[in-house]
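Within every chain, numbering begins at 1; the chains are lettered A, B, ... in the order of the sequence lines, protein sequences first and strands thereafter.
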There are 2 protein chains.
Amino acid sequence: MSTNGPVSRHTRQKDAVLQQLRECEDFVSAQELHRRLESAGSGIGLATVYRRLNALAQSGSADTVRLDGQQMFRICEDSRHHHHLICENCGKTVEIEPPDEDWLRKIASAHGFTMSSHTVEVFGLCGECQKKLGK
Amino acid sequence: MSTNGPVSRHTRQKDAVLQQLRECEDFVSAQELHRRLESAGSGIGLATVYRRLNALAQSGSADTVRLDGQQMFRICEDSRHHHHLICENCGKTVEIEPPDEDWLRKIASAHGFTMSSHTVEVFGLCGECQKKLGK
DNA sequence: TTTGCTGCAAACCTTTTGCACCTAT
DNA sequence: ATAGGTGCAAAAGGTTTGCAGCAAA
């Protein structure tokens with residue numbers, strides 16, 4: 001028996017997407033990443049960017065968040081579980097570490113559920129944007 | 001001074017959407033709700049369903065969650081803040097009450113953020129689906 | 001040589017919008 | 001009569017997919 005899938009090939013496009021994603025501080029959309037790749041001179045199809053990004057997200061190498069009607073991606077170097085604090089204005093992101101996730105599991109099992117995943121996302125304004133927007 | 005917006009009118013369509021939404025145990029998509037309204041004999045435009053659902057969500061009368069690439073809505077009778085435990089297989093939903101949300105605010109301000117909103121969503125399998133899927 | 005990957009464009013889907021008409025108030 | 005609400009169809013996005021050609025292994 002072999003549960004191995006097809007062998008993955010190494011391509012210029014894969015590298016480019018990964019590298020460009022690594023240069024992003026915060027979450028970027030596929031469209032935006034594609035735009036940056038273009039202006040960086042890497043001619044890569046939008047479809048490929050989507051395919052790569054989805055693959056990265058699925059394998060856990062990238063985090064994703066939905067914001068403004070689009071999926072945002074971010075490289076995830078350490079695969080430890082973490083959550084996000086996201087500025088609604090500029091997109092600045094900080095990873096946060098919930099002090100205790102046990103209660104989630106407890107709550108789940110209290111309702112007869114098994115917990116396979118969960119998300120904690122905090123939205124707000126970062127310091128700079130608070131000033132900028134005069135709030 | 002009057003911050004009052006335009007006066008809201010009472011219509012057959014508003015009633016129908018609200019009533020149909022009330023009959024849903026769990027989250028439904030706009031499309032699905034529209035489908036149900038149709039088979040219930042209420043001829044209501046899809047656009048109107050979207051407009052109503054969005055209005056309800058904005059006013060806090062409905063919760064929303066994003067699942068499977070679409071926005072899901074659920075009537076929210078008590079407007080207290082709460083979160084969800086969602087079965088990934090059948091969509092069954094349970095409202096959960098986080099024991100302490102103060103740490104979220106603390107974490108936010110520790111990073112210079114103001115917190116405007118947050119989401120906690122727990123995904124897993126409910127008891128029935130665990131058996132059904134033989135997990 | 002094989003076959004996974006890519007690019008392109010078309011297809012998809014959900015959601016939003018413009019606008020003329022309808023109808024509570 | 002006034003103006004908010006509705007329906008329809010078109011438009012708008014973002015994202016996926018079919019397929020022929022390209023290029024790793």
Side-chain angles (χ1 to χ4, degrees), chain A residues 2-21 24 26-59 61-74 86 91, chain B residues 2-21 24 27-59 61-74 91:
Chain A
S2 164
T3 38
N4 290 354
V7 180
S8 173
R9 282 181 192 174
H10 181 195
T11 67
R12 174 181 70 84
Q13 291 87 337
K14 284 185 181 177
D15 283 349
V17 169
L18 192 54
Q19 185 199 315
Q20 193 65 233
L21 190 59
C24 300
D26 302 315
F27 284 94
V28 266
S29 65
Q31 310 266 356
E32 174 62 21
L33 197 78
H34 177 243
R35 223 169 288 134
R36 293 188 192 179
L37 282 166
E38 276 192 325
S39 45
S42 310
I44 294 187
L46 179 57
T48 299
V49 174
Y50 272 103
R51 284 189 275 238
R52 278 307 96 217
L53 249 24
N54 284 336
L56 289 172
Q58 190 153 38
S59 72
S61 303
D63 290 329
T64 76
V65 163
R66 190 154 198 104
L67 194 57
D68 264 348
Q70 41 178 59
Q71 205 71 32
M72 309 288 283
F73 300 82
R74 187 186 202 235
I86 305 164
Chain B
S2 165
T3 38
N4 290 356
V7 180
S8 173
R9 285 181 191 173
H10 181 196
T11 66
R12 173 181 71 85
Q13 290 87 337
K14 284 185 182 178
D15 283 348
V17 168
L18 192 54
Q19 183 200 315
Q20 193 65 233
L21 190 59
C24 301
F27 285 93
V28 266
S29 65
Q31 309 268 356
E32 173 63 22
L33 197 77
H34 178 244
R35 223 168 291 134
R36 294 188 191 178
L37 281 166
E38 276 192 326
S39 45
S42 310
I44 294 187
L46 178 58
T48 298
V49 174
Y50 272 104
R51 283 189 276 240
R52 279 306 95 218
L53 248 23
N54 284 338
L56 290 172
Q58 190 153 37
S59 72
S61 303
D63 289 330
T64 75
V65 163
R66 189 149 200 109
L67 195 56
D68 264 347
Q70 42 178 59
Q71 205 71 32
M72 309 289 282
F73 300 82
R74 186 186 203 233

Taking only N and O in the side chain of Thr11(A), is any of them less than 4.0 Å away from OP1 or OP2 of dA24(D)? no

Just to confirm, is there a sub-4.0 Å distance from OP1 or OP2 of dT16(C) to any side-chain nitrogen or oxygen of Asn54(B)? yes

If we ignore hydrogens and angles and just use 3.5 Å, is the side chain of Ser39(B) paired with the main-chain N or O of Arg35(B) as donor and acceptor? yes

Please confirm whether the shortest side-chain N or O distance from Gln13(B) to OP1 or OP2 of dG7(D) is below 4.0 Å. yes

With sugar-phosphate meaning primed atoms plus P, OP1 and OP2, does Gln31(A) contact a base, only sugar-phosphate, or nothing at under 4.0 Å between heavy atoms? base

Check: Val65(A) and Phe73(A) side chains under 4.5 Å, non-hydrogen atoms: no

Could you state the atom-to-atom distance from CG of Leu18(A) to P of dC5(C) in whole Å? 15 Å

For Leu53(B) and dT14(C), what is the distance between atoms CG and C1' respectively, to the nearest whole Å? 13 Å

Whichever of Asp68(B) and Arg9(B) has the more 5' nearest nucleotide on DNA chain C, that residue is Asp68(B)

Please check the phosphate of dG14(D) (OP1 and OP2 only) for any side-chain N or O of Ser29(A) closer than 4.0 Å. no

Can you tell me the distance, in whole Å, between the OH atom of Tyr50(A) and the C1' atom of dC13(C)? 13 Å

Any donor and acceptor pair, going by atom type alone, linking the side chain of Arg66(B) with main-chain N or O of Gly69(B) inside 3.5 Å? yes

Closer to the 5' end of DNA chain C via nearest nucleotide, is it Ala47(B) or Arg12(B)? Ala47(B)

Among Arg12(B), Lys14(B), Gln20(B), Glu38(B), which residue meets the side-chain contact (heavy atoms from CB on, under 4.5 Å) test with Ile44(B)? Arg12(B)

To the nearest angstrom, the CG-C1' distance between Leu56(A) and dC5(C) comes to 15 Å

Using a 4.5 Å cut-off on heavy atoms from C-beta on, say whether the side chain of Cys24(A) contacts that of Arg36(A). yes

Starting at the 5' end of DNA chain D, which residue's closest nucleotide do you reach first, His10(A) or Val49(B)? Val49(B)

Once hydrogens and angles are ignored, does a donor-acceptor distance under 3.5 Å link the base of dG7(C) to the side chain of Arg51(A)? yes

Interatomic distance where CD belongs to Glu32(B) and C1' belongs to dT14(C) [whole Å]: 14 Å

What is the distance, to the nearest angstrom, from the CG atom on Asp15(B) to the P atom on dT23(C)? 15 Å

Would you kindly give the CG-to-P distance between Leu46(A) and dT15(D), to the nearest whole Å? 9 Å

Let me know the distance between CD of Gln70(A) and P of dT15(C), rounded to the nearest Å. 15 Å

